[in-house]
Amino acid sequence: MAYDIEPRLLRVFVAVAEELHFTRAAARLYLAQQALSRDVRRLERELGADLFVRTTRQVALTVEGERLLPYARGVLSAQDELAAAFRRDAERPLLVDVGAPVGTAYRVLEEARARVPESCELVARFHSGLTGAAGELAAGRLDVSFGRFAGLPPGVRAGLGHQPVRLEPMAVLLPEDHPLAARPAVPLAELAGETLYAGAGNAQTAEWTDLAARLFGGRGIAMAEPFPEIEGSEEFVRVVRKRGWSVLASVEFIEVPGMVLRPVVDPVPLSPISMVWRKGLRHPGLEALRAAARELGEGGAWLALPGGGRLSAEDPLPGKGVLPEGRWWLPEEDAAVMGVGTRRGGAR
């Protein structure tokens, strides 16, 4: 076996291993698919092992491919650290919108900060809404954001890269004297007759309001009337308490005095969170964020379905816009974008 394997070949291997699709991996690396396939075969020859099982329907890692993957990621991470350590000019700060200093996106940011050298600065922005962030990403005024990628128009998505991060269970924020507040969890059917705030009126969070409307439809749950954009957690707390709203939220949310957060169950509605960036962006901070999201996701089973359910590429979808409601709820197009049960959380 060769002991001087080119890191370029390992980068190709990792891209295919994360995408489990040669065409997507080639697009991600800006390579012709023929060149990418050639590099994979060369790496297999040098290692003396088959790394992928290829069929007309799918690509899967072999046992040897699974064994190589953590080593390849380690080599590439070390290479990136070496390049960062000897870069003559300091890398510009990477601007990352995490919405709030709590929750999935902020956890990924904190983990990534622990991975980068001192010279690499990851600067947080605390806005909310991927719809609003998408324009900032395209204009180069923002580098990375998090949110529901399927909620963006196809033309906008075409200019962005994304990595599925988490299928985050939804919750409801209730006044502490609300009849449902005493329950440890709130069945979705029990929200019939309730009015919930879900960002209506805030154009920056249109993708979240759309997800809520899909969830509320046909269940007797009303959307709170449109309200101007609320900036900052302090102002959000003030407005919510003053207006007496109950709020559709996620299981990781800011604390609001006088209110309690309760998970929604039967079924568990899922909020699909992707990390999103401008295509063509190259920055060691981006790679650190992607690695942090991947490892946190693997450790916390962030892309697993509630109850251990899995959807394979062969399972037929019902064609009604929403996947089957056994233990969980997720719009069909979101499941497709997130690659539920069919891929490993790589970028698209």
Side-chain angles (χ1 to χ4, degrees), residues 24 27-28 30 91-109 112 121-166 168 197-214 223-224 226-236 239 247-250 253-254 271-290 292-293 331 333-334 336-338 346-348:
R24 288 197 296 262
R28 167 175 158 180
Y30 300 94
E91 192 80 52
R92 69 170 181 83
L94 194 76
L95 303 181
V96 186
D97 184 4
V98 295
V102 65
T104 298
Y106 191 69
R107 288 171 62 182
V108 171
L109 175 63
E121 186 67 68
L122 305 180
V123 179
R125 292 285 187 269
F126 298 105
H127 301 294
S128 62
L130 186 58
T131 301
E136 297 296 293
L137 291 169
R141 293 187 292 268
L142 182 68
D143 296 309
V144 179
S145 189
F146 292 78
R148 181 188 169 220
F149 193 65
L152 297 178
V156 174
R157 296 203 304 260
L160 302 172
H162 89 104
Q163 175 173 321
V165 174
R166 188 176 185 182
E168 188 171 50
Y197 174 73
N202 180 3
Q204 306 295 312
T205 60
E207 79 290 341
W208 173 254
T209 305
D210 174 71
L211 185 66
R214 293 166 184 257
M223 181 86 67
F227 193 85
E229 178 183 357
I230 305 172
E231 293 190 8
S233 57
E234 290 185 5
E235 186 66 1
F236 176 83
V239 172
V247 179
L248 183 69
S250 297
F253 202 70
I254 61 173
S271 170
I273 300 175
S274 288
M275 185 169 70
V276 183
W277 62 91
R278 183 176 58 261
K279 279 188 175 178
L281 176 64
R282 295 290 182 267
H283 194 287
L286 175 61
E287 297 308 312
L289 285 164
R290 295 189 61 194
E333 59 266 43
D334 287 279
V337 165
M338 297 295 285
R348 295 190 175 200

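The basis for the numbers below is simple: all heavy atoms, side chains too, and nothing from hydrogens, waters or symmetry mates.
Scanning both residues, Ala112 and Ala292, for their nearest heavy atoms gives N-CB, 3.8 Å. Scanning both residues, Ile273 and Met338, for their nearest heavy atoms gives O-CE, 3.4 Å. Residues Ala249 and Trp208 come closest through the heavy atom pair O-CH2, 4.0 Å. Heavy-atom minimum distance, Leu130 versus Gly147: CD2-C, 3.7 Å. The heavy-atom pair separating Leu122 from Gly285 by the smallest distance is CD2-CA, 3.6 Å. Closest approach of Gly161 and Lys279 over heavy atoms only: N-CG, 3.5 Å.
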Residues Leu286, Arg282; criterion side-chain contact (heavy atoms from CB on, under 4.5 Å); working and verdict: CA-CA 7 Å; Leu286 175 61; Arg282 295 290 182 267; 5.8 Å; no
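Annotation: the span from Leu109 atom CG to Met275 atom CE amounts to 10.5 Å, rounded to 0.5 Å. Put simply, CH2 on Trp277 and CZ on Arg290 are 4.0 Å apart, with the number rounded to the nearest 0.5 Å.
Ion pairing of Asp143 with Arg92 is present here, as a side-chain N (NZ or NE/NH1/NH2) and a carboxylate O approach within less than 4.0 Å.
Counting only heavy atoms from C-beta outward, the side chains of Pro272 and Val337 never approach each other to under 4.5 Å. For the pair Val96/Val123, no side-chain contact is recorded, criterion being any heavy-atom separation below 4.5 Å from C-beta on. Between Ser271 and Arg148 the shortest side-chain heavy-atom distance does not fall below 4.5 Å. Counting heavy atoms from C-beta outward, Leu211 and Glu207 have side chains that stay 4.5 Å or more apart.
Between the side chain of Thr131 and the backbone N or O of Thr205, no donor-acceptor pair lies under 3.5 Å. Not a single donor-acceptor pair under 3.5 Å links the side chain of Arg166 to the backbone N or O of Ala293. Judged purely by atom type and a 3.5 angstrom limit, Glu168 has no side-chain atom pairing as donor or acceptor with the backbone of Ser250.
The ring pair (Phe, Tyr, Trp, His ring centres under 6.0 Å) test applied to Tyr197 returns Trp245, not counting sequence neighbours. With sequence neighbours excluded, no residue forms a salt bridge (Lys or Arg N to Asp or Glu O under 4.0 Å) with Arg157.
Test Arg141, Arg125, Arg278 against Glu136 for side-chain hydrogen bond (donor to acceptor under 3.5 Å, both in side chains) and you get one pass: Arg141. Tested against Val144 for a side-chain contact (heavy atoms from CB on, under 4.5 Å), the candidates Asp97, Leu94, Val98, Leu95 yield a single pass: Leu94.
Below 30°, between 30° and 60°, or above 60°: for His162 and Phe149 the angle between ring planes is below 30°, a parallel geometry.
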